[in-house]
Amino acid sequence: MSQPTIVTRFAPSPTGYLHVGGARTALFSWLMARHSSGRFLLRIEDTDLARSTELATVQLLEDLRWLGLQWDNAELVYQSKRVTIYDRIITDLIARGLAYKAYETSDELDALRKEAEKHKRAFIYRRTQYTDEQLRRFESENRPHVVRFAMPVRDYSFDDQILGKIDLPASQVQDPVIKKADGMPTYHFAVVVDDAEMGVTHVVRGQEHTLNTFLHIALQEALGYARPIYAHLPVILNKDDGKKMGKRDRDKKIRQQSQNWLKNTKKSPADLAAASSLAPSRIEMWIADSQQQLDLNEQKQIMQVIGLKETDLPEILVHDFRKNGYLPEALLNFLALLGWSPGEDRERMSIDDMIKLFSLENVNKAGARFDREKLAAFNTDASAGAPIDRLVSALRDYLKVNPDSPLSRANDDALARVLKMKHGFRILRDVDESSRFLFLSDEQINYDPQAVEKVLRKQNGFEVLRELQPLLTDTSNWTAADLEKLIENYCQQKQLGLGKVAQPIRVAVSGGTISPPIFQSLEFLGKERTLARISRCLSSAGHS
RNA sequence: GGCCCCAUCGUCUAGAGGCCUAGGACACGGCCCUUUCAAGGCCGCGACACGGGUUCGAAUCCCGUUGGGGUCACCA
């Protein structure tokens, strides 16, 4: 007897780039399937017409591919294309008396909810009994309506692979909407039908769906579907506030910074709007109401004014991590450990290790906080251990999403050299930012005033550079090793520490105080450009 | 607030009644290395939420308290 094949799925709704929480869910489903040589399916849950976009689907697929979570269905399933199938089943449900049309307006429902809230009760929808005459009238005037499932009122229970036995008392049962007024099915209905049709055996999803499961079970029973095995993953929380990690967090950070800016500059929201050329009313509303969110473009404008960099924002989307230069294998390794552990103090794992070791049995129940420091450490390790071709291709990918970097102009050989110089780096963005000067023209080097002041003025850097000029001009061996010897000799003669000499050179050549190891940098730059930059620095960097 | 769920270092976790004086990783502190930023080496700080049981024995089992999270949409 062979075990039935395990079929898992990932079913995101296309509203933009993939959230790390979604990525973790996808990873666990994928690992589950790969571990048992099963199938991992992808389905696009685009039943919310207002929020779903084609662009978002493209972005989603891009993120999944970047992570390497390949799906096994050649044809993607789009729920929006299956409406006639859902309709047929819903019509049948109505005919069997298991579903019904409900005519309450949103306002009426809101009022009922407020009422329930006033009495500190949860709002439970109860079926409204219409008279035959009312029904006839509603039908004839084509009154807008939803379709609700008449969920049998009883106690429910199911066994979760992670959480164990979960109960729902009959008192909490209510009739869910399965078809919206716009004719689309709700998530709850589509998910049940599609999971059954696609032969999904294991539903792995976030814990925010735990209570939805009862509804799905009731629907499965009404439709005669088999019940899949459910596994609800712990929620991913923010490191600092312990709340569910969400896309809003970036907006939140920008709002906080904006409020600081307003306070410090004693300006008004209207001033901020003007400075970032946005509509004042819009900004006033956004500042005042934390429910409001700026779109990507508005965020950019505001950030420029208040002095917030892209990298100051918390990464939330897979795309954010990609843009900052994390390796997908490191992200995946870190994400896997958010709620799962293979035991035996095992942490750093390759994708293959994870596939081999993964089991739902050792997934935790409690929510996990997302610690970026630890992720960065994983990335550092993964990068340090990766072969150079892997790093070059990762850097190429980074440049693909950061096309403005001067490193984009470099060939693979140059990138490999930079990567080797920066061995031990944390993220690719650090490599990029600290080695840009190698790829800029001499005229594009900007001198950091603070560096000039400290290293060149106060510490006699200008003098050192002037003395070094002829020595460097005369040397014929322009290699890191030879340059090091040359400088060390100079240091010895002058009784100077290496730092007193290396730093001025660094500033002259890069404009700042951070760079890859200096002698390797000089070798990379070449004699001509090094000397050109030193003399440019001596003559132009505010040196009077 | 109702309902559901959860609870080991600051964080992620190991731990399935004696292997626990509670292990690892990240962070943090100190020292070393050092031309910057990193990386590296060594050392250190640091937790079983609380209260009751059960048991010869409890971080591990049961009950309660407290704390935390999720959820209460014609969003998924």
Side-chain angles (χ1 to χ4, degrees), chain A residues 11-13 15 45-48 50-52 102 104-106 109-110 113 116-124 144-148 160 163-164 166-169 171-172 174 176-182 184 186-188 190-191 205-212 214 232 234-235 237 239-240 242-244 334 337-348 362 364-378 380-381 383-384 422-426 430-431 433-434 451 455 484 487 491 497-507 510 512-519:
Chain A
S13 60
T15 55
E45 309 229 316
D46 53 352
T47 54
D48 186 344
R51 293 202 311 161
S52 304
E104 290 88 358
T105 63
S106 303
L109 290 173
D110 281 347
R113 263 182 219 111
E117 201 180 320
K118 215 170 74 187
H119 295 279
K120 294 197 180 291
R121 273 187 287 109
F123 169 61
I124 303 285
H145 63 271
V146 299
V147 176
R148 286 184 184 262
D160 189 277
L163 262 14
I166 311 281
D167 298 300
L168 183 79
S171 66
Q172 298 299 306
Q174 59 177 328
V177 172
I178 55 175
K179 181 174 171 174
K180 300 182 269 189
D182 67 359
M184 295 299 283
T186 58
Y187 157 76
H188 302 295
V191 84
R205 51 165 45 156
Q207 261 173 32
E208 62 269 23
H209 285 294
T210 314
L211 272 343
N212 291 335
F214 296 109
H232 289 94
V235 188
L237 310 164
K239 176 77 193 296
D240 23 291
K243 303 266 189 230
K244 195 170 145 189
F334 175 75
L337 261 16
L338 242 38
W340 172 67
S341 162
E344 294 175 4
D345 297 335
R346 190 84 190 266
E347 281 210 326
R348 311 302 158 100
N362 28 37
N364 288 320
K365 299 177 178 185
R369 294 181 187 224
F370 192 97
D371 183 355
R372 284 181 186 75
E373 288 295 332
K374 184 152 178 168
L375 202 215
F378 271 50
T380 307
D381 276 12
S383 304
K422 286 293 292 177
H423 182 83
F425 68 88
R426 272 175 106 67
D430 294 341
V431 175
E433 288 177 354
S434 67
V455 176
E484 186 166 0
I487 301 295
C491 287
L498 194 48
K500 287 274 183 284
V501 181
Q503 278 306 75
I505 302 176
R506 199 184 307 278
V507 174
S510 76
T513 52
I514 299 173
S515 86
I518 192 63
F519 303 114

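A note on names: the letters A, B, ... follow the listed sequences, proteins ahead of strands, and every chain is numbered from 1. Side chains are part of it too, since the values below use all heavy atoms of this structure and drop only hydrogens, waters and symmetry mates.
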| said: Within the 4.0 Å heavy-atom criterion, would you say S515(A) contacts the bases, only the backbone, or no part of the nucleic acid? | reply: base
| task | Mind telling me whether Y187(A) and H209(A) have parallel, tilted or perpendicular rings, with 30° and 60° as the class edges? | result | tilted
| remark: Rounded to the nearest 0.5 Å, the CG atom of D160(A) sits from the CD atom of Q207(A) at a distance of 8.0 Å
| message | On the nucleotide C74(B), are OP1 or OP2 found under 4.0 Å from the side-chain N or O atoms that R113(A) carries? | response | yes
| request: Could you measure between the two P atoms, the one in A16(B) and the one in G10(B), and give it in whole Å? | output: 23 Å
| field | Contact under 4.0 Å: R348(A) side-chain N or O vs G24(B) OP1/OP2 | value | no
| task | Using the P atoms only, state how far A14(B) lies from C31(B), rounded to an integer number of Å. | result | 35 Å
| field | Same-atom distance (C1') from U13(B) to G57(B), integer angstrom | value | 26 Å
| request: Would you classify P169(A) as touching base, sugar-phosphate or nothing, given that sugar-phosphate means primed atoms plus P, OP1 and OP2, and contacts are heavy atoms under 4.0 Å? | output: sugar-phosphate
| task | Compare side-chain N and O positions of K180(A) against OP1 and OP2 of A76(B) and report whether any pair is under 4.0 Å apart. | result | yes
| task | Return yes if a side-chain donor-acceptor contact under 3.5 Å exists between S434(A) and K422(A), otherwise no. | result | yes
| field | Short side-chain donor-acceptor distance under 3.5 Å, W340(A) and N362(A) | value | yes
| task | Pick the P atom in U34(B) and in G70(B), then give their distance to the nearest Å. | result | 50 Å
| Is the distance from OP1 or OP2 of A39(B) to the nearest side-chain N or O of R426(A) less than 4.0 Å? | yes
| For C4(B), does either OP1 or OP2 sit under 4.0 Å from a side-chain N or O belonging to N212(A)? | no
| query | Taking atom P in both A59(B) and A49(B), what distance in whole Å separates the two? | reply | 10 Å
| task | Figure out the CG/P separation between L237(A) and G10(B), and round it to whole Å. | result | 17 Å
| message | Heavy atoms only, 4.0 Å cut-off, all strands: where does E45(A) land among base, sugar-phosphate and nothing? | response | sugar-phosphate
| field | Euclidean distance for P, A58(B) against C19(B) (whole angstrom) | value | 11 Å
| request: Please check the phosphate of A76(B) (OP1 and OP2 only) for any side-chain N or O of T47(A) closer than 4.0 Å. | output: yes
| request: Check whether the side chains of T15(A) and R51(A) place a donor and an acceptor atom closer than 3.5 Å, and report yes or no. | output: no
